[in-house]
Amino acid sequence: MRALIDGDIVVFRGACSAIGEETWVALARADKMIQDILEETGATDYQVYLTGSNNFRRELTPTYKAHRPDEKPEHWQAVREFLVTQHKAIVCNGWEADDEMGVDQDKETMNTIICSIDKDLLQIPGRHYNFVKKLHSVVTPENGKKFLYLQSLIGDKSDNIIGITGIGPVKAEKALADLHTEEEWYEKCRELYNDDERYHLNLQLLYIWQKPNDSWQPPKVATTTTTTDSPQGEEATQQQEQQ
């Protein structure tokens, strides 16, 4: 089993736990967090991921995570450097650590396990471990897709993504309760938004990569059309009538 560890969470929690203390305390606590994750998941191998610079989501809209303070907690940079030098963390420039974990997750044989507290990652099929709540879970492809549409309705305050006013987790679940396919979830959420531009932008922001350079694409909604206003359409119609 290979643990895919959200280093952004490890850095933040390790740094915040040692404010006012010496740097080595933050480093030791970050290291202990990783060792605990490996023990609790039974992983024999691991990879740590960190979000770098030039996040493409901020190119989609400058409001993405715009409300977060620029000032980082004490020891934040030191813990990041520690994870890179001592734990060989991958720094993801241009996208987020979440995206790289989504790409690397083994969605078929489930020989990897995403270790994070970020709920957005629950759209990725496979094994998951919340190392704060000590909670193991398995996400199916269907549940992962549905989670994305639920999130589009709820929004994500931590990332400054605004969903539908008045809709929280309970109402979102109720809205999609009797629907069973991605096409149905997509159309129901689209109806509730009544604003395709904002709806599609939010889905692009919320979507976590599952392959390199991935992006959210709307599902193909089945439609029936008959083309009779072109020579090819008229010819096809005449052939059908003759038959």
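Numbering starts at 1 and runs along the sequence shown.
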Which atom names give the shortest non-hydrogen contact between [X] and [Y], and what distance separates them?
{"X": "D120", "Y": "D118", "answer": "N-OD1, 3.0 Å"}
{"X": "E74", "Y": "E21", "answer": "OE2-O, 4.1 Å"}
{"X": "K119", "Y": "D156", "answer": "NZ-OD1, 3.8 Å"}
{"X": "D6", "Y": "S116", "answer": "OD2-OG, 2.8 Å"}
{"X": "I208", "Y": "G102", "answer": "CG2-CA, 4.5 Å"}
{"X": "T23", "Y": "A78", "answer": "CG2-CB, 3.6 Å"}

Would you kindly confirm whether [X] and [Y] end up in one hydrophobic cluster when ILVMFWY residues are joined by side chain heavy atoms under 4.5 Å apart?
{"X": "V139", "Y": "W185", "result": "no"}
{"X": "F131", "Y": "M1", "result": "yes"}
{"X": "V79", "Y": "V132", "result": "yes"}
{"X": "F56", "Y": "L205", "result": "yes"}
{"X": "L121", "Y": "L206", "result": "no"}

Is [Y] close to [X] at the side-chain level, that is, under 4.5 Å between some pair of heavy atoms?
{"X": "D99", "Y": "D214", "result": "no"}
{"X": "V91", "Y": "R80", "result": "yes"}
{"X": "I164", "Y": "Y193", "result": "yes"}
{"X": "I117", "Y": "I9", "result": "yes"}
{"X": "L50", "Y": "I90", "result": "no"}
{"X": "V10", "Y": "H87", "result": "no"}
{"X": "P125", "Y": "Q210", "result": "yes"}
{"X": "Y186", "Y": "Y199", "result": "yes"}

Verify whether one side chain among [X] and [Y] offers a donor that lies under 3.5 Å from an acceptor in the other.
{"X": "N130", "Y": "H136", "answer": "no"}
{"X": "Y129", "Y": "E40", "answer": "yes"}
{"X": "Y49", "Y": "D98", "answer": "no"}
{"X": "N160", "Y": "T63", "answer": "no"}
{"X": "N111", "Y": "T109", "answer": "yes"}

With no hydrogens and no angle check, is any side-chain donor or acceptor of [X] less than 3.5 Å from a backbone partner on [Y]?
{"X": "N55", "Y": "G94", "value": "no"}
{"X": "Q151", "Y": "F147", "value": "no"}
{"X": "H128", "Y": "I124", "value": "yes"}
{"X": "E100", "Y": "A97", "value": "no"}
{"X": "N143", "Y": "T140", "value": "no"}
{"X": "H67", "Y": "K157", "value": "yes"}
{"X": "E187", "Y": "E182", "value": "no"}

Pairwise distance [atom1]([X]) to [atom2]([Y]) - rounded to 0.5 angstrom:
{"X": "L148", "Y": "L122", "atom1": "CG", "atom2": "CG", "result": "12.0 Å"}
{"X": "Q204", "Y": "W216", "atom1": "CD", "atom2": "CH2", "result": "7.0 Å"}
{"X": "L192", "Y": "T165", "atom1": "CG", "atom2": "OG1", "result": "12.0 Å"}
{"X": "I5", "Y": "C115", "atom1": "CD1", "atom2": "SG", "result": "5.5 Å"}
{"X": "I154", "Y": "Y149", "atom1": "CD1", "atom2": "OH", "result": "14.5 Å"}
{"X": "H200", "Y": "L203", "atom1": "NE2", "atom2": "CG", "result": "7.0 Å"}

| message | Could you check, using the six-membered ring where one of them is a Trp, whether F82 and W24 have ring centers closer than 6.0 angstrom? | response | no
Residue [X] excluded, over 12 heavy atoms near [atom1] under 6.0 Å:
{"X": "R13", "atom1": "CZ", "answer": "no"}
{"X": "K65", "atom1": "NZ", "answer": "yes"}
{"X": "K32", "atom1": "NZ", "answer": "no"}
{"X": "D178", "atom1": "CG", "answer": "no"}
{"X": "Q35", "atom1": "CD", "answer": "yes"}
{"X": "K211", "atom1": "NZ", "answer": "no"}

Sidechain N-carboxylate O distance under 4.0 Å for R190, D195: no
- Message: Taking the basic N atoms (NZ, or NE/NH1/NH2) and the acidic carboxylate oxygens, is any pair closer than 4.0 Å for E183 and K220?
- Response: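 Salt bridge absent between E183 and K220.
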Evaluation steps, side chain to side chain contact (heavy atoms under 4.5 Å, CB included), between L83 and I34:
CA-CA 10 Å; L83 293 189; I34 291 176; 3.6 Å; yes
Practice task
Kindly indicate, with the supporting measurements, whether the criterion salt bridge (Lys or Arg N to Asp or Glu O under 4.0 Å) is fulfilled by R57 and E96.
Solution key: CA-CA 9 Å; R57 290 176 176 85; E96 298 183 26; 3.5 Å; yes
Under the side chain to side chain contact (heavy atoms under 4.5 Å, CB included) criterion, do L150 and E173 qualify, and how do the steps go?
CA-CA 7 Å; L150 290 170; E173 283 283 1; 3.4 Å; yes
Worksheet entry | Reference residue T112; test side-chain hydrogen bond (donor to acceptor under 3.5 Å, both in side chains); the match among R2, K107, Q105, R127 |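 Option passing the side-chain hydrogen bond (donor to acceptor under 3.5 Å, both in side chains) with T112: Q105.
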